[in-house]
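Everything below concerns the one structure shown next.
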There are 4 protein chains.
Amino acid sequence: MSRTGLASLRREVLAANLRLPRAGLATLTWGNVSGVDREAGVFVIKPSGVPYDRLTEDHLVVVALADGRVVEGDLRPSTDTETHRSLYRAFPSIGGVTHTHSPYAVAFAQARRPIPVLGTTHADTFDGAVPVTEPLTREQCTRDYEFNTGQIIVELLEGDDERARTVPAALVAHHGPFAWGADAHASLDHAVVCEAIAEMALHTLALGAVAPPQHLLDRHFTRKHGAGAYYGNPDAV
Amino acid sequence: MSRTGLASLRREVLAANLRLPRAGLATLTWGNVSGVDREAGVFVIKPSGVPYDRLTEDHLVVVALADGRVVEGDLRPSTDTETHRSLYRAFPSIGGVTHTHSPYAVAFAQARRPIPVLGTTHADTFDGAVPVTEPLTREQCTRDYEFNTGQIIVELLEGDDERARTVPAALVAHHGPFAWGADAHASLDHAVVCEAIAEMALHTLALGAVAPPQHLLDRHFTRKHGAGAYYGNPDAV
Amino acid sequence: MSRTGLASLRREVLAANLRLPRAGLATLTWGNVSGVDREAGVFVIKPSGVPYDRLTEDHLVVVALADGRVVEGDLRPSTDTETHRSLYRAFPSIGGVTHTHSPYAVAFAQARRPIPVLGTTHADTFDGAVPVTEPLTREQCTRDYEFNTGQIIVELLEGDDERARTVPAALVAHHGPFAWGADAHASLDHAVVCEAIAEMALHTLALGAVAPPQHLLDRHFTRKHGAGAYYGNPDAV
Amino acid sequence: MSRTGLASLRREVLAANLRLPRAGLATLTWGNVSGVDREAGVFVIKPSGVPYDRLTEDHLVVVALADGRVVEGDLRPSTDTETHRSLYRAFPSIGGVTHTHSPYAVAFAQARRPIPVLGTTHADTFDGAVPVTEPLTREQCTRDYEFNTGQIIVELLEGDDERARTVPAALVAHHGPFAWGADAHASLDHAVVCEAIAEMALHTLALGAVAPPQHLLDRHFTRKHGAGAYYGNPDAV
């Protein structure tokens with residue numbers, strides 16, 4: 001394992017976790033971000049139950065992708081670690097995962113309703129509704145619960161990496177949102193968008209939602225994603 | 001009474017009270033946190049009506065558990081002091097109490113509806129709905145009103161310390177939430193969770209609530225509480 | 001006019017105006033607080049349209065109670081100055097006035113619904129619903145509009161100073177809340193409470209409101225107000 | 001092109017963009033403000049996808065009004081640049097444009113409902129409902145999409161500069177609010193007001209909206225705008 005690569009990943013994962021409370025997505029110690037090093041076969045994740053204002057790089061835990069074993073770190077990793085691992089294993093394109101209990105996204109998860117596509121804010125990031133899983137069965141809850149939480153997301157997307165890339169978040173029924181992306185920061189960005197569109201959708205439904213034309217949504221998704229994208233200045237700052 | 005123990009308790013109670021506005025739970029001087037020293041037979045509580053940004057350890061008031069007499073302190077204790085005392089006397093497991101007027105929890109209290117269990121955010125902390133009391137009778141309002149406010153919570157829980165441990169908050173009808181825990185900070189954490197799940201529940205009810213499976217809720221409560229718990233790093237930081 | 005008294009009033013009015021954005025009650029330059037010196041026959045008020053982060057004591061405007069003439073100050077006083085003057089003239093007990101466009105209170109004003117009494121948060125400050133005026137007539141809008149805005153509040157309370165003391169705020173139809181109190185800071189406190197109870201009421205109405213027993217409300221109002229009050233530590237800090 | 005004038009415009013446009021997150025209107029890098037120099041025939045706009053906390057004057061992009069060509073700057077301008085250009089070209093009175101995805105205004109845009117005039121907060125800035133466009137057709141989305149987004153606003157206002165001055169914002173269907181004003185800061189102020197009145201309107205509709213009398217609305221608009229205006233202290237600070 002490259003020490004330089006891992007040190008850089010630790011820095012990024014710490015920074016992304018510290019963005020959680022600043023983005024208003026974290027209550028108490030809820031919420032966690034991880035980032036993966038595919039070559040090294042490990043991912044770095046927040047420890048369980050440590051307050052954000054005390055979190056340092058040394059607290060982060062390095063976990064093996066293959067079996068979930070802790071490779072480095074003195075603390076117990078986030079209880080959601082096995083869910084992250086399940087997502088990394090199923091979807092090769094994922095470089096980072098974020099889980100939050102942000103209130104509007106949780107409300108949709110608790111109502112077991114997908115977040116519907118109602119406008120361009122949604123379509124800029126998600127090429128379709130943010131889907132919601134079935135509830136876990138008694139058996140899925142009894143054993144390997146956290147890994148199974150990832151597996152129902154994998155099943156929801158039919159294990160399709162392309163779908164994971166075009167709709168980079170899902171709601172676990174009665175639980176909350178998981179988001180992912182090319183790296184830790186991108187996964188957090190998608191968690192931020194997921195909460196923002198959930199809030200907008202709730203207010204829109206209160207006013208009476210109207211379906212937007214698909215050609216408008218397509219235009220927005222493709223101007224930020226794929227070969228013809230022209231949004232952003234990736235190398236600028 | 002150990003001076004060292006009391007000094008430490010004062011520090012903790014001050015810190016917990018100062019967390020109230022930072023957690024967004026306090027408007028003006030509303031809200032108060034206390035912590036108990038069972039051996040010394042006293043608890044430490046915020047004075048009445050003092051702004052958080054001026055609050056110091058010297059303002060805190062030490063009150064006797066047995067009769068509510070002020071043992072130390074120049075200021076009048078919080079008007080809710082007798083409610084805290086009633087809870088400490090009824091439930092031996094309680095080490096800290098927090099009272100707030102946080103808006104979503106108050107809305108459920110004003111509607112006299114329990115906060116229903118709609119997902120894992122709730123089940124991580126509360127093993128069941130956050131219950132709501134009956135309104136106080138005219139007689140209960142006339143005499144020993146604040147102590148009686150605690151007593152209707154005690155009656156709601158049938159004086160059962162085990163219930164107080166598994167559902168560490170209650171709503172007083174037309175008033176607001178009281179939360180408790182192993183110490184002052186834990187009681188405040190539970191007040192934070194109570195407000196968060198009240199907000200999520202209100203939004204979920206607007207979307208159409210669906211009952212979650214009990215096995216999912218049980219799994220979440222037991223992974224954080226009891227013999228098999230595996231959440232957190234209690235000794236880490 | 002006592003220079004010392006006026007200097008002290010200026011300091012208080014500046015401090016109260018600077019609390020408006022910190023309390024989350026101000027958008028742009030909306031909202032203004034004033035304080036009165038009855039002996040000197042003047043009140044001090046925020047100038048019109050000056051951003052809070054640039055506001056200094058020198059910007060404040062001193063206005064004559066008798067005729068609304070500017071006594072000191074280079075700037076134009078708040079457009080709402082005549083509304084403040086109308087309230088000071090009608091209600092001798094008022095020492096300060098606050099006007100805001102805080103969103104939940106404005107929503108009730110726009111719906112022309114009083115803020116109903118649904119719990120103790122309301123009853124701690126207001127001995128009854130926060131009432132809403134009739135809309136101003138065309139004539140009242142054409143001439144002396146701002147003074148007339150005060151006058152419809154005075155008419156709503158039937159010019160009764162006692163009612164102004166026990167329910168220290170009112171909603172002007174399709175406009176927003178005006179609050180008052182013994183001094184500038186007290187009037188701002190009442191504006192803060194008015195917004196908080198409006199938010200709680202909106203959420204409670206969504207859940208299904210239940211009328212609280214009058215004896216509970218009475219208990220709360222009387223423990224903070226009148227001869228038997230026992231809330232706060234007025235001389236402490 | 002005057003270097004002094006352009007330097008001053010850059011400073012103003014930077015300052016206005018930095019106000020976006022402070023005003024709570026920006027999520028991630030969403031939202032952009034521009035300002036125009038009519039004599040020089042250029043406008044200055046935020047680059048695409050640059051975080052506000054890293055934005056400097058050097059990042060800003062200078063764009064030709066005539067053809068949208070980048071005149072100065074190393075970065076790609078905001079993807080919404082052509083929408084700004086369309087508005088500047090159609091409405092000579094506009095000196096600045098702001099686009100946001102603020103949640104309440106977006107909710108009305110997504111529901112394709114104008115923000116109705118329900119009170120004086122609205123009437124102080126907007127002489128009528130904030131209108132909403134039709135959705136763009138497939139053809140309008142395929143080619144020159146961003147310029148067409150401006151054009152449907154222009155069509156909505158029938159190209160009438162007077163309407164653009166009296167109602168300085170519009171909602172693009174399923175997208176969000178665009179606001180404008182005499183300069184960059186004024187356009188941002190109008191975006192702030194647009195979000196505030198959208199929030200108030202949503203809450204008012206939940207309570208049951210009542211139409212306000214037109215004479216009240218007229219009074220408020222005219223006291224801030226036009227020959228008889230008496231709000232503010234424009235030269236004071």
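Letters A, B, ... mirror the listed sequences (proteins, then strands); counts begin at 1.
Proximity to chain B among residues 165-193 of chain C is limited to Asp189(C), Val192(C), Val193(C), judged by heavy-atom separations below 4.5 angstrom. Of all residues in residues 145-158 of chain B, those placing a non-hydrogen atom less than 4.5 angstrom from a non-hydrogen atom of chain C are Tyr145(B), Glu146(B). Residues of residues 100-119 of chain B having a heavy atom under 4.5 Å from any heavy atom of chain C, listed by number: His101(B), Pro103(B), Tyr104(B), Val106(B), Ala107(B), Phe108(B), Gln110(B), Ala111(B), Arg112(B), Arg113(B). Listed in order of number, the residues of residues 7-27 of chain B that approach chain C to under 4.5 Å between heavy atoms are Thr27(B).
In this structure, the portion of Thr137(B) lying under 4.5 Å from any heavy atom of chain C is its backbone and not its side chain. With a 4.5 angstrom heavy-atom cutoff, Asp124(C) touches chain B only via side-chain atoms. With a 4.5 angstrom heavy-atom cutoff, Pro135(B) touches chain C only via side-chain atoms.
If you check the side chains of Tyr231(C) and Thr29(B), you find a donor sitting under 3.5 Å from an acceptor.
With hydrogens and angles ignored, the 3.5 Å screen pairs no side-chain donor or acceptor of Asn233(C) with any backbone N or O of Leu75(B).
Once rounded to the nearest 0.5 Å, the distance linking CG of Leu207(C) with CG of Leu202(B) reads 5.0 Å.
Comparing Arg219(C), His220(C), Lys224(C), Gln214(C) by heavy-atom pairs within less than 4.5 Å of chain B, the highest count is held by Arg219(C).
Enclosure of atom CG in Asp161(C) by more than 12 non-hydrogen atoms of other residues, nucleotides or ligands within 6.0 angstrom is indicated. Counted within 6.0 Å of CZ on Arg138(B), heavy atoms from surrounding residues, nucleotides or ligands total 12 or fewer; the atom is thus considered open.
At a threshold of 4.5 Å between non-hydrogen side-chain atoms, the residues Thr121(C) and Trp30(B) count as touching.
Here the closest non-hydrogen pair linking His215(C) and Cys141(B) is CD2-SG, 3.5 Å.
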